[in-house]
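These notes are about the structure you will find just below.
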Amino acid sequence: MKLKASIALISASVIGFFSTTLAAQTIKVGIATEPYPPFSVPDASGNYSGWEIDIAKAICAQAKLDCEIVATAWDGIIPALLAKKVDVVAASLSITSDRKRVIDFSDKYYQSGASVIGSKNANFSSTPTELDNKIIGLQAASIHVKFAKKYYPNATIKEYQSQDEANQDLYSGRIDATQADALTLESFLNSEQGKNCCDLKGMAVNDESLLGEGIGFGLRKGNPELKEQLNNAIDAIRKNGTYEQISQAYFSFNIYGE
């Protein structure tokens with residue numbers, strides 16, 4: 001009986017070890033619930049597609065990680081990472097000095113500047129003085145809020161849960177302008193609504209301290225192995241052509257930057 005009990009105990013331990021090992025390889029990838037075309041867009045069933053989703057899946061496959069997509073409200077995505085509800089954030093998270101004090105980042109996987117768009121009927125540019133007394137719609141908890149408060153002190157800042165909501169208010173004439181990632185706003189300008197209502201007013205000042213050094217995957221601090229896996233996978237898919245193949249389906253230019 002003692003021998004059987006010992007064997008059973010050892011078997012249970014072995015099973016438990018392998019279960020833990022397998023579970024450790026399942027990575028929860030946090031994305032924002034809010035639509036952010038062309039990077040992440042939900043359908044009626046709550047499934048997400050877009051460039052960033054495709055890239056995240058390609059990187060997981062390259063790194064041999066079993067990844068699960070978990071949608072989380074944008075303004076709670078870093079708290080979700082810190083609370084271990086997700087393991088990686090793939091939500092166009094700019095690498096900034098403020099964020100690096102709280103979380104770690106992979107190498108960048110794309111980069112674009114910030115742009116300002118407004119009504120076609122309004123004649124102004126993206127310079128701070130030109131935006132005086134304008135109502136600017138921005139996505140809450142984004143880097144653009146801090147940027148606008150610094151560079152557009154005489155403008156009225158209106159915050160939205162998602163960039164899509166800001167775009168809709170711009171289309172409806174309730175705000176004068178919006179600032180966001182240039183690629184996201186280009187996607188809106190190419191839509192039927194965007195073509196009819198709005199145009200590009202110019203690029204925002206290139207302030208890396210606020211706009212960041214590029215877009216990277218967010219990770220909890222103290223996880224160098226996962227960071228290395230992601231960095232190696234980013235490098236690999238850029239070298240083997242996967243990155244370019246995915247990007248060509250969405251963009252006509254180099255989204256990675258320099």
Is the shortest side-chain N to carboxylate O distance from [X] to [Y] below 4.0 Å?
| X | Y | answer |
| --- | --- | --- |
| K100 | E213 | yes |
| D98 | R101 | yes |
| K201 | D199 | yes |

If you look at every heavy atom in [X] and [Y], which pair is closest and at what distance?
| X | Y | value |
| --- | --- | --- |
| R220 | V86 | NH1-O, 2.7 Å |
| D107 | N231 | N-OD1, 2.7 Å |
| L211 | A114 | CD1-CB, 4.1 Å |
| S40 | A32 | OG-O, 4.4 Å |
| S94 | I215 | OG-CD1, 3.4 Å |
| I157 | A148 | CD1-CB, 3.7 Å |

Within a radius of less than 6.0 Å around [atom1] of [X], do more than 12 heavy atoms belonging to other residues, nucleotides or ligands occur?
| X | atom1 | result |
| --- | --- | --- |
| K108 | NZ | yes |
| K221 | NZ | yes |
| N123 | CG | no |
| E228 | CD | no |
| K57 | NZ | no |

(message) Please evaluate residues E68 and T26 with respect to the criterion side chain to side chain donor-acceptor pair (under 3.5 Å), reporting the C-alpha separation (whole Å), side-chain torsions for both, the decisive distance (0.1 Å), and the verdict.
(response) CA-CA 7 Å; E68 174 189 355; T26 301; over 6 Å; no
Going by atom types only, do [X] and [Y] share a side-chain donor-acceptor pair under 3.5 Å?
| X | Y | result |
| --- | --- | --- |
| D164 | Y36 | no |
| N196 | Y171 | no |
| Q163 | N167 | yes |
| S125 | T127 | yes |
| S45 | N47 | no |
| Q229 | E225 | no |

Do [X] and [Y] sit in the same hydrophobic cluster, where Ile, Leu, Val, Met, Phe, Trp and Tyr count as joined when their side-chain heavy atoms come under 4.5 Å apart?
| X | Y | answer |
| --- | --- | --- |
| M203 | V145 | no |
| L185 | I135 | yes |
| I234 | L65 | yes |
| V70 | I59 | no |

Report yes if the side chains of [X] and [Y] come closer than 4.5 Å at any heavy-atom pair, otherwise no.
| X | Y | value |
| --- | --- | --- |
| K28 | K85 | no |
| D104 | N223 | no |
| L93 | I103 | yes |
| C198 | L189 | yes |
| K150 | D207 | yes |
| Y250 | D54 | yes |
| T178 | V116 | no |
| F253 | L183 | yes |

(message) Using the rule given for side-chain contact (heavy atoms from CB on, under 4.5 Å), can you reason through F147 versus L138, listing the C-alpha separation, both sets of side-chain angles and the distance that settles it, and then say yes or no?
(response) CA-CA 10 Å; F147 182 95; L138 304 167; over 6 Å; no
Spatial distance of atom [atom1] ([X]) from atom [atom2] ([Y]) [nearest 0.5 Å]:
| X | Y | atom1 | atom2 | answer |
| --- | --- | --- | --- | --- |
| F39 | E52 | CZ | CD | 6.5 Å |
| L81 | F217 | CG | CZ | 13.0 Å |
| I246 | I55 | CD1 | CD1 | 4.0 Å |
| Q168 | I175 | CD | CD1 | 10.0 Å |
| S115 | Q179 | OG | CD | 7.5 Å |
| D132 | N154 | CG | CG | 4.5 Å |

Checking [X] side chain against [Y] main chain: does a donor-acceptor pair fall under 3.5 Å?
| X | Y | value |
| --- | --- | --- |
| W74 | A91 | no |
| K120 | K195 | yes |
| T72 | I77 | no |
| Y48 | T33 | yes |
| Q245 | G241 | no |

(message) Looking only at the aromatic ring of each residue, does the gap between the centers of Y109 and Y256 stay below 6.0 angstrom?
(response)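 When the ring centroids of Y256 and Y109 are compared, they turn out to be at least 6.0 Å apart.
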(message) Under 6.0 Å between ring centres: does that hold for Y110 and W51?
(response)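 Aromatic pair counts; centres sit under 6.0 Å.
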(request) Take T129 and Y152, measure what side-chain contact (heavy atoms from CB on, under 4.5 Å) needs, and give me the verdict at the end. (result) CA-CA 8 Å; T129 53; Y152 313 135; over 6 Å; no
(request) Output, in order, the C-alpha distance, side-chain angles, deciding distance and verdict of salt bridge (charged side-chain N to carboxylate O under 4.0 Å, His left out) for K134 and D176. (result) CA-CA 6 Å; K134 297 289 191 296; D176 299 305; over 6 Å; no
(request) Could you give me the CA-CA distance, side-chain angles and deciding distance for V29 and D87, then say whether side-chain contact (heavy atoms from CB on, under 4.5 Å) is met? (result) CA-CA 6 Å; V29 179; D87 303 299; over 6 Å; no
(message) For a side-chain contact (heavy atoms from CB on, under 4.5 Å) check, start with the C-alpha distance between I117 and F188, then their side-chain angles and the critical distance, and finish with the verdict.
(response) CA-CA 10 Å; I117 67 172; F188 173 68; 3.6 Å; yes
